[in-house]
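Here's the structure we're looking at; comments come further down.
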Amino acid sequence: IPAEGNPQATLSAAELPTAICRILTTPQFWYVALYFGGLFGSFLAYADLWNIPYQLKVFGHTIQHASLLNSAFPIGMTVGSLIGGAWANRAGFLIPIRVFSIVALVTEALLFGNALPEAGAGFAFFLVGIGCSAASLALAALPEHLEAILVPIATTFVMTFTYLLSALI
C-alpha cells in the first residue's frame, strides 16, 4: 500500500492481497457493507413488489396505478438524496444514515406486512425511496476510513456483498 506522500494510481498484483486484508479488517467497511446491503439488498430481494406486471397480477392494479406507484420510489430517492446530502454536509454521515434507515425499514415492514391501506402505498413507496437514498451516504463514508487507493476495491466488495445478500433473502 503506498505511503502517504507517494500517490499511486493502481496497486500491483503483489500488493492486492495486503490491500484486501486491510479492507476486510477495517470494521467501518463491514458497517458500510451491512448497512448498504441491508437497505439496498432488501429492495433488490423484493424487486417484484416494484415490478409493474407483478402489481397488475397480484394486486389487481391498473397499469396507470402500478406505474404511478413505481414512480414514487425514484422520486423519493431523488428527494432523499438531496436532503440527505445537505444534512450530511452539516451534521456528518451518522445521524442522517440512522434516521433514513429507520424510515426505510419501518415503511418496508409496513408494506410487506400489508399494514398500509392501498391509498397510502404511493406515499409509502416515496418514503422507502427517501430512506433508501441514504444507502449512498454509506458508500460516501468509505474514504473517511480507507486510503483513497482502496476505496474502489472496497466499493466493489460492498456491491458484491449486497447482490449476494439480496439473492440469499
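- Counted by atom type alone, S12 and E15 present one or more donor-acceptor pairs between their side chains at under 3.5 Å.
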Show me the side-chain donor-acceptor pairs of residues 122-144 shorter than 3.5 Å, one per line, residues at least two apart or across chains.
| from | atom 1 | to | atom 2 | distance (Å) |
| --- | --- | --- | --- | --- |
| S133 | OG | G80 | O | 3.4 |
| S133 | OG | S81 | N | 3.4 |
| S133 | OG | I130 | O | 2.5 |
| S136 | OG | S133 | O | 2.9 |

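- Closest heavy-atom contact between A154 and L146: CB-CD1, 3.5 Å.
- Expressed to the nearest 0.5 Å, how far CG of L69 lies from CD1 of I52 amounts to 9.5 Å.
- Here ring-ring contact (aromatic ring centres under 6.0 Å, His included) pairs that include residues 149-169, with residues two or more places apart or in two chains, number zero.
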Verdict with supporting geometry, L11 and T18, side-chain contact (heavy atoms from CB on, under 4.5 Å): CA-CA 10 Å; L11 293 171; T18 304; over 6 Å; no
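- T160 pairs by the side-chain contact (heavy atoms from CB on, under 4.5 Å) definition with T156, L164, not counting sequence neighbours.
- For the atom pair CG (L34) and CG (L165), the distance works out to 8.0 Å, reported to the nearest 0.5 Å.
- The side-chain heavy atoms of Q64 and L68, taken from C-beta on, include no pair separated by under 4.5 Å.
- In this structure, CG on N70 lies 10.0 Å from NE2 on H61, to the nearest 0.5 angstrom.
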Atom pairs and distances, donor-acceptor, side-chain atoms in residues 23-33, under 3.5 Å, two or more places apart:
| from | atom 1 | to | atom 2 | distance (Å) |
| --- | --- | --- | --- | --- |
| T25 | OG1 | C21 | O | 2.7 |
| T25 | OG1 | R22 | O | 3.3 |
| T26 | OG1 | R22 | O | 2.6 |
| T26 | OG1 | R22 | NH1 | 2.9 |
| W30 | NE1 | L24 | O | 2.7 |

Please tabulate, for side-chain N and O atoms in residues 95-106, each donor-acceptor pair with protein atoms closer than 3.5 Å (sequence neighbours left out).
| from | atom 1 | to | atom 2 | distance (Å) |
| --- | --- | --- | --- | --- |
| S101 | OG | I97 | O | 2.9 |
| S101 | OG | R98 | O | 2.9 |

